[in-house]
2 protein chains.
Amino acid sequence: MSSFNILIVEDEDAIRGMLMMVLEQAGFMPIAAADAEEAQKILDDKLPDLILLDWMLPGISGAEWARRLKKEPIYRDIPIILLTARGEEEDKVRGLEIGADDYVSKPFSPKELIARIRAVLRRSGKIPGQAQITLGDLMLDTEQHRLSIGDKQLEVSPTEFRLMHFFMTHPDKVYSRTQLLDQVWGRSVYIEERTIDVHIRRLRKILEEYGREDLVQTVRGFGYRFSLVD
Amino acid sequence: MSSFNILIVEDEDAIRGMLMMVLEQAGFMPIAAADAEEAQKILDDKLPDLILLDWMLPGISGAEWARRLKKEPIYRDIPIILLTARGEEEDKVRGLEIGADDYVSKPFSPKELIARIRAVLRRSGKIPGQAQITLGDLMLDTEQHRLSIGDKQLEVSPTEFRLMHFFMTHPDKVYSRTQLLDQVWGRSVYIEERTIDVHIRRLRKILEEYGREDLVQTVRGFGYRFSLVD
DNA sequence: ACGCCTTGTTACCCTTTTGTGACAAAGCCA
DNA sequence: TGGCTTTGTCACAAAAGGGTAACAAGGCGT
């Protein structure tokens with residue numbers, strides 16, 4: 001297993017040190033910076049696999065810096081996890097279209113942090129994950145980016161593909177719209193919950209052609225479930 | 001397995017020594033020089049299979065020397081891997097059109113270095129790999145630099161040939177534009193991602209003459225895939 | 001030096017995708 | 001059944017993503 005470079009940008013010494021330790025312990029290779037300028041210098045040298053970024057920073061704020069990074073093609077693909085202090089409204093973090101991939105609010109448990117980092121790395125394709133997922137006669141291949149029922153190819157849009165991917169890796173369990181948004185769209189985008197319904201509808205429409213619209217089930221008052229059995 | 005001569009050009013004694021050891025251990029035959037002049041003398045004597053070159057050198061900088069080498073037909077085909085120290089901006093390395101085949105930033109792990117060396121040797125055809133690759137009625141011959149469908153020769157440009165080579169050795173898998181750039185153009189060139197589209201277009205145009213433009217498939221939002229099946 | 005080929009880049013266009021509001025339909029409970 | 005809540009569905013507009021042609025620069029051979 002390869003080791004990932006993680007850039008920590010955090011002004012408080014105590015937290016920065018703690019993060020370094022936690023990440024090292026978890027087998028990552030962290031590099032730390034105290035502000036955006038310093039972080040930029042590190043970036044100039046080598047692109048990390050992920051950036052752990054404090055939302056509030058002296059000088060250029062973390063949010064502002066993240067926004068800039070996401071505009072540059074060279075940096076765009078580096079996933080960013082924001083660290084938000086308790087009291088900084090979660091909504092704001094979601095609302096501002098920063099393009100962060102996730103956020104974690106302080107205080108957080110090391111375990112949670114590591115889990116989120118792994119999740120983001122996996123989602124951005126840096127950790128391989130399972131290439132083929134089979135469920136009944138459904139087959140989803142992330143390498144080939146193909147989805148099929150039996151030997152028929154399904155034509156799905158990128159979002160539909162991700163949604164199916166999530167469902168097939170988490171079958172037989174109900175997920176709320178919020179959970180689906182977090183898992184499929186990422187925790188820091190803000191879109192209406194009802195939009196999920198529309199995507200569910202679109203998925204069902206495709207599955208309908210194969211008489212399999214029953215795979216996606218509504219659980220009234222809770223959300224949706226993907227399951228082979230009704 | 002044959003053993004490759006690798007010329008190390010590095011001014012710091014400690015690093016030079018370390019490189020010698022690491023390469024020997026890995027079964028290569030390294031020769032070392034401390035600066036460009038010394039390296040040039042070694043070159044005059046015998047052409048190595050690959051040059052491992054420090055980007056910053058006293059006297060003529062590594063970058064400058066590499067650029068000169070790439071202008072001389074005799075040396076052009078020797079692959080060069082640049083060693084960049086932390087703090088030397090990656091952008092510059094990519095941006096300046098040095099013509100290096102790859103770069104590795106210090107500090108690097110021996111494992112990573114060896115892997116990159118192997119990759120570059122393979123890409124430049126020094127490690128034989130497969131001379132002939134067949135995929136359906138497609139045939140690509142790396143030795144003769146020929147590509148054919150059935151018994152018809154295809155006329156492709158060098159870049160198109162490399163792209164086809166990569167595709168035929170990695171079929172049925174989606175690659176992002178970035179991945180294609182890294183794999184086909186090499187990690188140390190910086191070109192626009194959209195340029196890929198243009199090359200794909202050119203490839204398709206050629207394949208079109210044989211009704212095979214469907215071999216190169218667009219996967220919206222992700223990249224391209226080469227596959228015999230739709 | 002000249003012309004041809006190769007290659008990277010850009011601009012423009014078209015298609016697909018996607019989020020959203022509006023309204024109908026369905027479900028639930030008293 | 002009636003009224004309220006939760007979903008389903010549709011149409012639309014904006015945005016994203018790609019396809020393509022045209023252009024310019026560089027390289028190469030003659």
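First the proteins, then the strands, lettered A, B, ... as listed; each starts at 1.
Using modelled atom types, one side-chain atom of B:Arg225 and one backbone atom of A:Gln144 make a donor-acceptor pair closer than 3.5 Å. Under a 3.5 Å cut-off, the side chain of A:Ser227 and the backbone N or O of A:Val229 do form a donor-acceptor pair. At distances below 3.5 Å, at least one donor-acceptor pair connects side-chain atoms of B:Asp49 with backbone N or O atoms of B:Asn5. Looking at A:Arg204, its side chain does come within 3.5 Å of a backbone N or O of A:Val216 through a donor-acceptor pair. At distances below 3.5 Å, not a single donor-acceptor pair connects side-chain atoms of A:Glu64 with backbone N or O atoms of A:Ser61.
Taking 3.5 Å as the limit, the base of C:dG21 and the side chain of A:Arg194 contain no donor-acceptor pair of atoms between them. Contact of B:Arg177 with D:dG17 (side chain to base): no donor-acceptor pair of N or O atoms is detected under 3.5 Å.
Rounded to an integer number of Å, the gap from CZ of B:Arg162 to C1' of C:dT7 is 10 Å. Between the CD1 atom of B:Ile196 and the P atom of C:dT9 there is a distance of 10 Å, given to the nearest Å. Spacing between atom CZ of B:Phe161 and atom P of C:dT6 amounts to 14 Å, rounded to whole angstrom units. Taking atom CG of residue B:Asp77 and atom P of nucleotide D:dC28, one finds them 11 Å apart after rounding to whole Å. Remark: P of C:dT17 and CG of A:Leu163 are 15 Å apart, rounded to the nearest angstrom. Note: CD (A:Glu160) to C1' (C:dG19) measures 13 Å, nearest angstrom.
Residues B:Val198 and A:Ile191 both approach DNA chain C. Their nearest nucleotides, taken by heavy-atom distance, put B:Val198 toward the 5′ side. DNA chain D is contacted by both A:Tyr224 and A:Arg202; A:Tyr224 maps to the nucleotide lying nearer its 5′ end (nearest heavy atom per residue).
Dashed line: the shortest gap from a side-chain N or O of A:His199 to OP1 or OP2 of C:dT18 is not under 4.0 Å. Within the 4.0 Å cut-off from OP1 or OP2 of C:dT20, not a single side-chain nitrogen or oxygen of A:Tyr190 is found. Taking only side-chain nitrogens and oxygens, B:Trp185 comes nearer than 4.0 Å to OP1 or OP2 of C:dG8. OP1 and OP2 of C:dT6 both lie 4.0 Å or more from every side-chain N or O belonging to B:Thr159. Within the structure, a side-chain polar atom (N or O) of A:Thr195 is placed less than 4.0 Å from OP1 or OP2 of C:dT20. Regarding contacts with the backbone of D:dA21, a side-chain N or O of B:Arg201 is found under 4.0 angstrom from either OP1 or OP2.
By the 30° and 60° cut-offs, the orientation of the rings of A:His145 relative to B:Phe222 is tilted.
Rounding to the nearest 0.5 Å gives a distance of 11.5 Å between OG1 of A:Thr195 and CD1 of A:Ile200.
Among the nucleotides D:dG8, D:dG18, C:dT20, the one closest to the side chain of B:Asp197 is D:dG18.
The two residues B:Val174 and B:Val219 have their closest heavy-atom pair at CG2-CG2, 3.7 Å.
For B:Glu155, the CD atom sits in a loose shell: 12 or fewer heavy atoms of surrounding residues, nucleotides or ligands are nearer than 6.0 Å.
Residues of residues 204-223 of chain B having a heavy atom closer than 4.0 Å to DNA chain D, listed by number: B:Arg204, B:Lys205, B:Thr218, B:Val219, B:Arg220, B:Gly221, B:Phe222.
Annotation: side chain of A:Leu163 is not in contact with side chain of A:Arg202 (no heavy-atom distance under 4.5 Å).
Five base pairs at each end of the helix from C:dA1-D:dT30 to C:dA30-D:dT1 define two local axes, and these are offset by 30° (rounded to 10°).
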